[in-house]
Novice: 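Pasting a structure below so you can have a look.
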Amino acid sequence: MRNTAKITTAVLAAGALTLGLTACGSDKETDSGSGKDGPLIVAASPVPHAEILTYVKDNLAKDAGLDLQVKEFTDYVLPNTATEDGSVGANYFQNQPYLDDFNKKNGTHIVPVVTVHLEPLGLYSSKIKKADELKNGATVAVPNDTVNEARALKLLDANGIITLKDGAGNDATPKDIAKNPKNLTFKELEAAQTPRSLEDVDAAVINGNYAIESDLKPADDALVLESADDNPYGNFLAVKKGNEDDPRVKKLAKLLTSPEVKKFIEDKYAGSVVASF
């Protein structure tokens with residue numbers, strides 16, 4: 001129940017966005033990229049997803065015969081609703097646990113195409129330099145969407161800051177904490193708000209893309225950081241079910257997993273974003 005109001009608001013906003021996109025052109029299919037002969041419009045978070053797509057657009061797409069357009073979104077709801085209703089042809093911003101939860105809760109039919117990269121989740125603070133400096137009763141901000149909150153708690157568990165109950169899964173909440181030796185208080189916020197909370201809390205668990213957007217360097221600034229080994233949270237290109245074989249989508253999938261993109265990710269993000277191919 002904790003996200004019902006926010007999701008409802010986002011869905012209403014998605015409806016308004018859809019109307020706006022429809023109004024921008026007389027042919028929705030051509031405008032959205034749903035028609036196989038039109039441009040492929042991809043919804044993406046600004047960093048690093050849109051940056052990676054823009055690199056592909058500027059350096060690789062033309063030679064591959066792909067007309068690629070990138071549309072930025074700053075939340076985790078609208079890219080999926082826009083993909084579902086055909087306002088965009090694909091999206092690139094999410095991981096499998098998040099998508100599974102989103103499809104289940106919203107009745108959408110989004111499917112992954114190819115995994116491109118991992119953005120390690122990290123614990124950050126403007127008040128302490130090491131995780132073991134967290135004081136008794138400290139406040140820690142965590143994302144409030146189901147999957148990312150569980151992911152944040154798993155990060156803290158993996159680093160001995162808390163202990164989760166046996167069997168705590170991808171819907172874990174603070175109620176699933178078995179041991180909390182420092183009596184931490186958890187402040188649940190929209191994922192995009194967690195970097196802005198750093199001055200108001202003792203520490204915050206922040207998604208990699210939002211950390212980078214806020215000029216944090218996960219590889220350098222995180223007190224603790226997710227391991228990339230066997231990590232299920234890789235970010236992928238996704239489409240509405242039935243569009244997996246769209247030739248434009250196949251071209252983009254190939255480009256996103258090319259040696260050129262891997263080098264771009266390594267050079268630009270220096271370990272703060274890790275290629276998954």
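Small disclaimer: the values here were computed from a predicted structure and weren't measured.
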Novice: Verify whether the ring centers belonging to His49 and Phe93 lie closer than 6.0 Å.
Specialist: no
Novice: Examine distances only and state if a side-chain atom of Ser125 and a backbone atom of Lys127 form a donor-acceptor pair shorter than 3.5 Å.
Specialist: yes
Novice: As an exercise, state the distance from OG of Ser45 to CD1 of Ile212, rounded to the nearest 0.5 Å.
Specialist: 11.0 Å
Novice: Got Glu213 and Pro195 here, is their nearest side-chain heavy-atom distance under 4.5 Å?
Specialist: no
Novice: If you take all heavy atoms of Ile110 and Asn103, which pair is closest and at what distance?
Specialist: O-ND2, 2.8 Å
Novice: Does the side chain of Leu118 come within less than 4.5 Å of Val273's, by heavy atoms?
Specialist: no
Novice: According to a hydrophobic-cluster definition based on side-chain heavy atoms being under 4.5 Å apart (Ile, Leu, Val, Met, Phe, Trp, Tyr only), do Leu99 and Leu252 belong together?
Specialist: no
Novice: Would you kindly say whether Gln94 and Asn235 are connected by a side-chain donor-acceptor distance under 3.5 Å?
Specialist: no
Novice: Mind running side-chain hydrogen bond (donor to acceptor under 3.5 Å, both in side chains) on Asn183 and Asn136 for me, showing each step along the way?
Specialist: CA-CA 6 Å; Asn183 299 304; Asn136 188 63; 2.8 Å; yes
Novice: Starting from the C-alpha separation in whole Å, work towards a yes-or-no answer on side-chain contact (heavy atoms from CB on, under 4.5 Å) for Leu164 and Ile177.
Specialist: CA-CA 4 Å; Leu164 289 171; Ile177 296 173; 4.0 Å; yes
Novice: Does any donor atom in the side chain of Thr108 or Asn80 lie under 3.5 Å from an acceptor atom in the other side chain?
Specialist: no
Novice: Are Leu223 and Tyr124 side-chain neighbours, meaning at least one heavy-atom pair lies under 4.5 Å?
Specialist: no
Novice: For the side chain of Lys251 and the backbone of Leu66, is there at least one donor-acceptor N/O pair under 3.5 Å apart?
Specialist: no
Novice: Starting from the C-alpha separation in whole Å, work towards a yes-or-no answer on ring pair (Phe, Tyr, Trp, His ring centres under 6.0 Å) for Tyr76 and Tyr210.
Specialist: CA-CA 11 Å; Tyr76 286 166; Tyr210 291 130; 5.3 Å; yes
Novice: List in chain and number order the residues that pass salt bridge (charged side-chain N to carboxylate O under 4.0 Å, His left out) with Lys263, two or more places apart in sequence or in another chain; answer none if no residue qualifies.
Specialist: Asp267
Novice: Could you tell me if Ser87 and Lys71 have a donor-acceptor pair between their side chains, going purely by distance under 3.5 Å?
Specialist: no
Novice: Membership question, hydrophobic clusters at under 4.5 Å side-chain separation (ILVMFWY): are Tyr92 and Tyr55 in the same one?
Specialist: yes
Novice: When rounded to the nearest 0.5 angstrom, what distance separates CD in Glu119 from OG in Ser276?
Specialist: 9.5 Å
Novice: So which atom in Leu121 and which in Asn207 form the shortest heavy-atom distance, rounded to 0.1 Å?
Specialist: CD1-CA, 3.4 Å
Novice: Could you see if Phe264 belongs to whatever hydrophobic cluster contains Leu255? Use Ile, Leu, Val, Met, Phe, Trp, Tyr and a side-chain cutoff under 4.5 Å.
Specialist: yes
Novice: Taking atom CG as the centre, does Asp166 end up with more than 12 heavy-atom neighbours from other residues, nucleotides or ligands that are less than 6.0 angstrom away?
Specialist: no
Novice: Using a 3.5 Å distance criterion without hydrogens, assess whether the side chain of Lys217 forms a donor-acceptor pair with backbone atoms of Tyr269.
Specialist: no
Novice: Once rounded to the nearest 0.5 Å, what's the spacing between atom NZ of Lys135 and atom CG of Leu184?
Specialist: 13.5 Å
Novice: Could you tell me whether Lys250 and Asp245 have a side-chain N and a carboxylate O separated by less than 4.0 Å?
Specialist: yes
Novice: Considering residues at least two apart in sequence or located in another chain, which fulfil the side chain to side chain donor-acceptor pair (under 3.5 Å) criterion with Gln96?
Specialist: Asp100
Novice: Ile161 vs Leu155, test: side-chain contact (heavy atoms from CB on, under 4.5 Å). Steps then yes/no.
Specialist: CA-CA 9 Å; Ile161 298 169; Leu155 173 69; over 6 Å; no
Novice: Could you give the distance from OG1 (Thr163) to CG (Asn180), rounded to the nearest 0.5 Å?
Specialist: 9.0 Å
Novice: Decide whether Leu53 and Phe236 are clustered together by the hydrophobic rule: side chain heavy atoms of Ile, Leu, Val, Met, Phe, Trp, Tyr closer than 4.5 Å, transitively.
Specialist: no
Novice: Does Ser126 reach the main-chain N or O of Leu198 with its side chain, forming a donor-acceptor pair under 3.5 Å?
Specialist: yes
Novice: With distance as the sole criterion, is a donor-acceptor pair present between the side chains of Asp171 and Thr146 under 3.5 Å?
Specialist: no
Novice: Where the side chain of Asn231 meets the backbone of Ser227, is there a donor-acceptor pair that is under 3.5 Å apart?
Specialist: yes
Novice: Tell me, do Val70 and Val42 make a side-chain contact under 4.5 Å, heavy atoms counted?
Specialist: no
Novice: Can you give me the closest heavy-atom contact between Asp202 and Ala138, atom names plus distance?
Specialist: OD2-CA, 3.3 Å
Novice: Do Thr194 and Val205 pass the side-chain contact (heavy atoms from CB on, under 4.5 Å) test, and can you show the C-alpha distance, the side-chain angles, and the key distance before you say yes or no?
Specialist: CA-CA 7 Å; Thr194 52; Val205 180; over 6 Å; no
Novice: Can any side-chain N or O of Lys182 pair as donor or acceptor with the backbone N or O of Leu134 at less than 3.5 Å?
Specialist: yes
Novice: State whether the side chain of Asp75 and the backbone N or O of Val77 hold a donor-acceptor pair below 3.5 Å, judged by distance alone.
Specialist: yes
Novice: Looking at side-chain heavy atoms only, is the closest gap between Lys241 and Val111 below 4.5 Å?
Specialist: yes
Novice: Side chains of Lys187 and Val140: does their closest heavy-atom pair fall under 4.5 Å?
Specialist: no
Novice: So which atom in Ala211 and which in Ile206 form the shortest heavy-atom distance, rounded to 0.1 Å?
Specialist: N-CG2, 3.6 Å
Novice: Taking only Lys NZ, Arg NE, NH1 and NH2, and the carboxylate oxygens of Asp or Glu, determine whether Arg248 and Asp246 approach each other closer than 4.0 Å.
Specialist: yes
Novice: Does the pair Val147 and Tyr233 meet the rule for a side-chain contact (heavy atoms from CB on, under 4.5 Å), with working shown?
Specialist: CA-CA 10 Å; Val147 170; Tyr233 297 104; 4.0 Å; yes
Novice: Could you tell me if the side chain of Val116 sits less than 4.5 Å from the side chain of Phe277, heavy atoms only?
Specialist: yes
Novice: Answer yes or no: is there a donor N or O on one side and an acceptor on the other, between the side chain of Thr173 and the main chain of Lys175, under 3.5 Å?
Specialist: yes
Novice: If hydrophobic clusters are built by linking Ile, Leu, Val, Met, Phe, Trp and Tyr wherever their side-chain heavy atoms come under 4.5 Å apart, do Val224 and Val201 end up in the same one?
Specialist: no
Novice: Rounded at 0.5 Å granularity, tell me how far CG in Leu60 sits from CG in Asp63.
Specialist: 8.0 Å
Novice: Please examine the side chains of Lys179 and Ile162, heavy atoms only from C-beta on, and report whether any two atoms are closer than 4.5 Å.
Specialist: no
Novice: Minimum heavy-atom separation for Ser197 to Ala141, with atom names?
Specialist: OG-CB, 3.5 Å
Novice: With a 3.5 Å distance limit and no angle check, can you tell me whether Glu72 reaches the backbone of Pro46 through a side-chain donor-acceptor pair?
Specialist: no
Novice: Taking all non-hydrogen atoms of both residues into account, name the closest pair between Asn209 and Pro48 and its distance.
Specialist: CB-CD, 3.8 Å
Novice: Give a yes or no on whether the backbone of Val239 and the side-chain of Asn243 come within a donor-acceptor separation of less than 3.5 Å.
Specialist: no
Novice: Between CG of Leu237 and CD of Glu244, what distance do you get to the nearest 0.5 Å?
Specialist: 10.5 Å
Novice: Begin with the C-alpha distance, continue with both residues' side-chain angles, and end with the deciding distance and a verdict on side-chain hydrogen bond (donor to acceptor under 3.5 Å, both in side chains) for Asp101 and Asn170.
Specialist: CA-CA 9 Å; Asp101 181 71; Asn170 290 330; over 6 Å; no
